[in-house]
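Shown next, in structure tokens, is the structure this report addresses.
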There are 2 protein chains.
Amino acid sequence: MKIGELAKLSGLSAHTLRFYEKQGLIQASARSESNYRVYSQGDLATAKFIKRSREMGFSLEEVEVFLSIRADKPAHVCREAKDIAQLKITDVQQKIDDLQQVLVALHKLSDACCGGNESAEFCSIIEALEDGEGLSLAHSTQTHVLAKEQQA
Amino acid sequence: MKIGELAKLSGLSAHTLRFYEKQGLIQASARSESNYRVYSQGDLATAKFIKRSREMGFSLEEVEVFLSIRADKPAHVCREAKDIAQLKITDVQQKIDDLQQVLVALHKLSDACCGGNESAEFCSIIEALEDGEGLSLAHSTQTHVLAKEQQA
DNA sequence: CTTGACCCTAGAGTATACTCTAAGGTCTAA
DNA sequence: TTAGACCTTAGAGTATACTCTAGGGTCAAG
Ligand SMILES: [Zn+2]
Ligand SMILES: [Zn+2]
Ligand SMILES: [Zn+2]
Ligand SMILES: [Zn+2]
């Protein structure tokens, strides 16, 4: 099959397949007379392997290692594969933890703001970013009322 | 103060401060005779504001909006700030959800592999990436034993 | 007067993974 | 034979946010 069909069957674009070839991840098993890339069923399996690996969050560099293990399994041991997976798990867990901290802070920031059409003069979001003081919950929907009362 | 001191006090590098200036986020309030950037206490507050905003996960583009609200609060309303925060919350939550799915898949992938020095011939990680079949838990520490028994 | 720490600009480089363009060749069907 | 779909290459562009370099000027201390 040619690159267009492999693209359809693998779910990767032809562009991406050529890019992966440049990166040394996948080679067409032959070339036609007109120099078109010709792929086999095995190549399709490889393309799918790469796609699945990417979906699991592995980088192209990591995929390369998986591919080399796959290319000659007896020459490799389970630990090589598992180490990569474990590192990725740690990595992803760290990212989740970081994002969760950010999320908590964002909620504190956002929840304290009325979000209405009142002037931002007393907006808790801006204030919190200004003074950085623990994203105080002092400013809420009530704050505008208080502010108006004070002005009156 | 000059850029080096602002860098120290704000926690941003001098390079980054110049970069932010290029992006229109912060301006030195003056220049010395020798064309050095001269910053005020207000500039320090701005630098800190930017830094805090970045730490909350806001992009430079979003920080720019916060800065413009901050620069003229009465001309803006709470909703403008809250909308950005809410969008960011959705965004971060989505990223967390995605990563959590990846994490589950990674655990399935990794837990089934013995991770030892046995040949990767029956490695469940490679197998799962090959056939994509729900990351079967069929291969575990026991699998190598079974494989050896079958060979015997 | 020289050394070292600082400052300046414009612009290139880093990271990751694509994504697209230009300019052109090939193939198939009407 | 000609349109349209497909293929080729090398290389540039996209996104984000820095990060660094080259080449040069400024300034206080010893
Ligand atoms: Zn409000
Ligand atoms: Zn508000
Ligand atoms: Zn194993
Ligand atoms: Zn294994």
Side-chain angles (χ1 to χ4, degrees), chain A residues 1-39 43 47 49-67 84 87-88 91-92 94-95 98-99 102, chain B residues 1-39 43 47 49-67 84 87-88 91-92 94-95 98-99 102:
Chain A
M1 73 186 92
K2 286 178 287 182
I3 200 166
E5 199 178 347
L6 180 62
K8 261 178 218 159
L9 295 180
S10 69
L12 298 167
S13 78
H15 274 309
T16 297
L17 285 165
R18 290 196 199 96
F19 171 70
Y20 285 171
E21 182 179 295
K22 236 188 279 180
Q23 307 304 303
L25 295 182
I26 186 171
Q27 276 21 238
S29 43
R31 286 287 180 130
S32 73
E33 283 179 19
S34 50
N35 200 33
Y36 289 4
R37 288 170 182 83
V38 173
Y39 296 97
D43 294 333
F49 182 95
I50 296 172
K51 183 157 191 258
R52 267 179 228 114
S53 302
R54 291 287 299 123
E55 286 165 356
M56 303 286 294
F58 295 106
S59 69
L60 295 187
E61 205 176 342
E62 288 159 343
V63 175
E64 225 182 309
V65 179
F66 283 140
L67 282 169
I84 292 173
L87 278 176
K88 183 59 58 181
D91 185 50
V92 170
Q94 182 64 60
K95 273 185 190 146
D98 290 351
L99 285 177
V102 166
Chain B
M1 74 186 91
K2 285 178 289 180
I3 201 166
E5 199 177 347
L6 180 63
K8 260 177 218 159
L9 295 180
S10 68
L12 298 168
S13 78
H15 273 309
T16 297
L17 285 165
R18 290 195 200 96
F19 171 71
Y20 285 170
E21 182 180 296
K22 235 189 281 181
Q23 307 305 302
L25 295 182
I26 187 171
Q27 284 1 273
S29 42
R31 286 286 180 131
S32 73
E33 282 179 20
S34 50
N35 201 33
Y36 289 5
R37 288 169 182 82
V38 174
Y39 296 96
D43 295 334
F49 182 95
I50 296 172
K51 183 156 190 258
R52 267 179 227 114
S53 301
R54 292 287 298 125
E55 285 166 356
M56 303 285 294
F58 295 106
S59 68
L60 295 187
E61 205 175 341
E62 289 158 343
V63 175
E64 225 182 308
V65 179
F66 283 140
L67 282 170
I84 292 174
L87 278 175
K88 183 59 58 182
D91 185 52
V92 170
Q94 182 64 59
K95 273 184 191 147
D98 290 351
L99 285 177
V102 166

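We name chains A, B, ... by the order of the sequence lines, and we start the count at 1 in each one.
Considering only side-chain atoms of A/R54, the nucleotide from C/dG11, C/dC18, D/dC27 that sits closest is C/dC18.
Phosphate proximity of D/dC18 to B/Y20: present, with a side-chain N or O under 4.0 Å from OP1 or OP2. For D/dT9, one of the phosphate oxygens OP1 or OP2 lies less than 4.0 angstrom from a side-chain nitrogen or oxygen of A/R31. Using a 4.0 Å cut-off, no side-chain N or O of B/R37 falls inside it from OP1 or OP2 of C/dC6. Applying the 4.0 Å criterion to OP1 and OP2 of C/dC27, one finds that A/Y36 has every side-chain N and O outside that range.
Residue A/S13 is out of contact with every strand shown, counting any heavy-atom pair closer than 4.0 Å. Note on A/R18: a base of the nucleic acid sits closer than 4.0 angstrom, heavy atoms only. Residue B/S32 is out of contact with every strand shown, counting any heavy-atom pair closer than 4.0 Å.
For the pairing with A/Y20, the side-chain contact (heavy atoms from CB on, under 4.5 Å) check across A/E64, A/R54, A/Q27 returns one residue only, A/R54.
Without hydrogens or angle criteria, B/E62 side chain to B/S59 main chain gives a donor-acceptor distance under 3.5 Å. Distance alone, capped at 3.5 Å, places no donor-acceptor pair between the B/K88 side chain and the B/F58 backbone.
Between A/S34 and A/K22, the residue whose closest nucleotide on DNA chain D is further toward the 5' end is A/S34. Between A/F19 and A/E33, the one whose closest nucleotide on DNA chain C sits nearer the 5' end is A/F19.
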(message) As a quick check of understanding, evaluate side-chain contact (heavy atoms from CB on, under 4.5 Å) for B/F19 and B/L60, giving each step before the final call.
(response) CA-CA 11 Å; B/F19 171 71; B/L60 295 187; 3.7 Å; yes
